[in-house]
J.: 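Dropping the structure in here first, questions after.
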Amino acid sequence: MGRIFSLLDCNNFYVSCERLFNPRLADRPVVVLSNNDGCIIARSNEAKKLGIGMGEPFFRCRRLIEAHRVEVFSSNFPLYGDISRRVMELLGQLEPEVEIYSIDEAFIRLPASSPAKLLINGRNIRDAIGRQVGIPVSIGFGPTKTLAKIANRIAKKETEHEGVFLLPEQGLDDLLATVAVDDVWGIGPRSAARLATRGIHTALALKNADDGWLRRHLGITGLRVAMELRGVSCLPLVSAPPAGKSIASSRSFGRPVTALADLREALSSYVSLAAAKLRHQRQKTGALQIYLADNLFSADHGRQVDGMAVNLTQPTSDTPELISRAAAVLERLYRPGRSYRKVGVVLLDLSPACQAQPSLFQPPLREREELMGALDRINRRWGRDTIHSAANGLAKNWKNKQSRKSPAYTTSWHELPVVV
DNA sequence: TCTGGGGTCCTAGGACCC
DNA sequence: TCTGGGGTCCTAGGACCC
């Protein structure tokens with residue numbers, strides 16, 4: 001008996017989360033902005049219809065938004081993360097083989113059965129999540145992950161399917177002929193341009209393309225996409241996520257920054273965030289990379305990013321130690337007079353904390369680890385940043401804009417919704 | 001004036017070794 | 001005159017994803 005893949009995708013996820021606690025938003029055009037209130041990262045169907053594009057810079061569609069009184073929110077990731085957890089937990093109760101693929105998507109693997117039974121199963125999942133969490137989802141079925149993705153798109157776009165769609169065996173090619181090649185999962189703009197030079201514009205044409213040519217021009221990944229379109233499953237379900245390999249933390253500044261002191265404060269804050277995440281994952285880092293970026297969209301000289309990585313002699317998850325190492329690297333990268341738009345840190349070479357090899361010359365400081373543990377507990381209980389390193393600064397005049405944020409309804413005691 | 005943030009995998013090329 | 005070949009490891013950059 002074969003198996004079948006299904007992709008569950010939350011519709012307009014961030015917008016749906018905002019609507020959950022704000023019924024006034026139902027049926028209204030709503031958008032959610034990226035971290036710096038920079039561009040559009042989620043749109044309700046009404047907003048899509050107005051022609052607001054995904055990833056579009058906010059300032060460029062501002063007039064359209066004002067003209068149609070579109071509701072605008074800064075992103076509220078603690079809220080979205082919490083709602084996501086509820087969706088995934090419920091799905092895990094309904095289906096045994098689930099891979100959480102992203103904040104708003106999960107793959108499911110099921111035994112093949114009749115189309116009618118699969119559709120009923122899909123509708124049950126959709127109804128349960130709608131009823132118990134309040135988030136609308138779409139579900140697509142297909143013989144491979146890539147085909148399930150395509151089925152999901154159809155489930156979402158063609159309303160007559162009511163959110164659940166199974167790719168038909170008969171007439172599949174006709175359907176693939178209607179899917180643009182850059183809508184196929186794994187085909188980005190670069191690959192699409194390459195494929196266009198060969199006259200390949202649809203998923204069907206990619207499916208029938210020459211393997212040798214694909215291997216040469218799109219690499220092993222491109223060939224794999226074609227195989228998946230042919231129904232040959234190359235991408236397995238990954239139910240237990242492997243340990244992470246890197247942790248990044250960065251933000252764009254609210255305005256250009258030139259002073260080393262400001263950069264140091266911002267960097268310390270991001271290092272603190274990354275280190276807390278590292279400890280939460282029970283890992284230590286063996287290397288860190290710092291980078292500085294100037295104007296990311298300058299027409300004349302393009303974007304300039306200076307980065308530098310250092311290896312640590314001994315893996316650590318100690319915030320003060322990481323802050324001081326990061327500050328030393330920053331000082332070497334910094335050029336006076338340059339105006340910077342972004343600074344960031346990446347922790348690399350992660351390893352499980354329990355496997356850490358103590359150094360002969362510098363035994364692990366038990367008290368320091370306990371201190372970090374206490375810090376994490378306090379910040380978890382009383383809110384992030386209750387206690388932080390003085391290096392992170394207090395003025396924070398580099399801090400980015402987030403002027404339209406909704407409350408952390410479900411994750412902060414201070415911001416619980418009030419029923420009157 | 002104003003353009004996010006956090007990830008993964010693949011590949012080519014250099015360093016190094018025998 | 002004539003200057004090997006193959007393997008491994010590491011890294012930076014590219015491409016893609018949500």
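First the proteins, then the strands, lettered A, B, ... as listed; each starts at 1.
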J.: Mind calculating the distance between CE (A:M88) and P (C:dC18) to the nearest angstrom?
T.: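 Going from CE in A:M88 over to P in C:dC18 covers 13 Å.
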
J.: B:dG5, B:dC9, C:dC18: which one has an atom nearest the side-chain heavy atoms of A:K245?
T.: B:dC9

J.: B:dC2 C1' sits how many Å from A:F253 CZ, rounded?
T.: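 In whole Å, B:dC2 C1' lies 17 Å from A:F253 CZ.
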
J.: If each of A:R215 and A:I247 is mapped to the nucleotide of DNA chain B with the nearest heavy atom, which maps nearer the 5' terminus, i.e. the 5' end?
T.: A:I247

J.: Check the orientation of A:W185 and A:F107. Use parallel for under 30°, tilted for 30 to 60°, and perpendicular for over 60°.
T.: tilted

J.: What integer distance in Å separates A:I187:CD1 from C:dC18:P?
T.: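 So the two atoms are 12 Å apart, to the nearest Å.
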
J.: Let's see if you can work this out: which of C:dC17, B:dG5, B:dT3 has an atom nearest to the side-chain heavy atoms of A:S252?
T.: B:dG5

J.: Nearest to the side chain of A:F59 - B:dG4, B:dC2, C:dC16?
T.: B:dC2

J.: Heavy-atom count around A:E89 CD within 6.0 Å, excluding the residue itself: above 12?
T.: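 Correct, the count exceeds 12.
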
J.: Rounded off to whole Å, could you give me the CD1-to-C1' distance for the A:I290 and C:dA12 pair?
T.: 17 Å

J.: Quickly work out the A:D349 CG to C:dT11 P distance and round it to whole Å.
T.: 9 Å

J.: Is A:D9 salt-bridged to A:K156, cutoff N-O under 4.0 Å?
T.: yes

J.: If you compare every side-chain N and O of A:S191 against the phosphate oxygens of C:dC16 (OP1, OP2), does one of them come in below 4.0 Å?
T.: yes

J.: Where the side chain of A:S246 is defined as all heavy atoms beyond and including C-beta, which of C:dC17, B:dG7, C:dA15 is the nearest nucleotide?
T.: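 When the side chain of A:S246 is considered, B:dG7 is the closest of C:dC17, B:dG7, C:dA15.
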
J.: Closest to the A:N35 side chain: B:dG7, B:dG4, C:dC17?
T.: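 From the listed options, B:dG4 comes nearest.
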
J.: To the nearest Å, how far apart are A:I100 CD1 and C:dC17 C1'?
T.: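 These atoms are roughly 17 Å apart.
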
J.: Which base, if any, makes a Watson-Crick or G-U wobble pair with C:dC18, both distances under 3.5 Å?
T.: B:dG5

J.: From the options B:dG6, C:dC16, B:dG4, select the nucleotide whose nearest atom is closest to the side chain of A:I41.
T.: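 Of all the options, the side chain of A:I41 is nearest to B:dG4.
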
J.: Output yes when at least one side-chain N/O atom of A:K149 is less than 4.0 Å from OP1 or OP2 of C:dC18, else no.
T.: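 For A:K149, the contact criterion (side-chain N or O under 4.0 Å from OP1 or OP2 of C:dC18) is met.
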
J.: Look at the side chain of A:K342 and decide which nucleotide, out of B:dG5, B:dT3, B:dC9, has an atom nearest to it.
T.: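 Selected nucleotide: B:dG5.
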
J.: How long is the line joining CD of A:Q289 and P of C:dG13, in whole Å?
T.: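 In whole Å, C:dG13 P lies 9 Å from A:Q289 CD.
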
J.: Among B:dG6, B:dG5, B:dT11, which nucleotide sits nearest the side chain of A:I220?
T.: B:dT11

J.: With DNA chain B as reference, determine whether A:K277 or A:G38 sits nearer its 5' end, using the nearest nucleotide of each.
T.: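 Nearer the 5' end of the strand: A:G38.
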
J.: Between P on B:dC9 and CG on A:L223, what's the gap in Å once rounded to a whole number?
T.: 19 Å

J.: Hey, does the side chain of A:Q402 reach the backbone of A:S75 with a donor-acceptor pair shorter than 3.5 angstrom?
T.: yes

J.: Nearest to the side chain of A:A248, which nucleotide is it out of B:dG7, B:dG4, C:dA15?
T.: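 Closest nucleotide among those given: B:dG7.
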
J.: Looking at A:R19 and A:E46, is any side-chain nitrogen of the basic one under 4.0 Å from a carboxylate oxygen of the acidic one?
T.: yes

J.: What I want to find out is whether A:R332 reaches A:D306 closely enough, with some N-O distance under 4.0 Å, to be called a salt bridge.
T.: no

J.: Any idea which of C:dC17, B:dT3, B:dG5 is nearest the A:R341 side chain?
T.: B:dT3

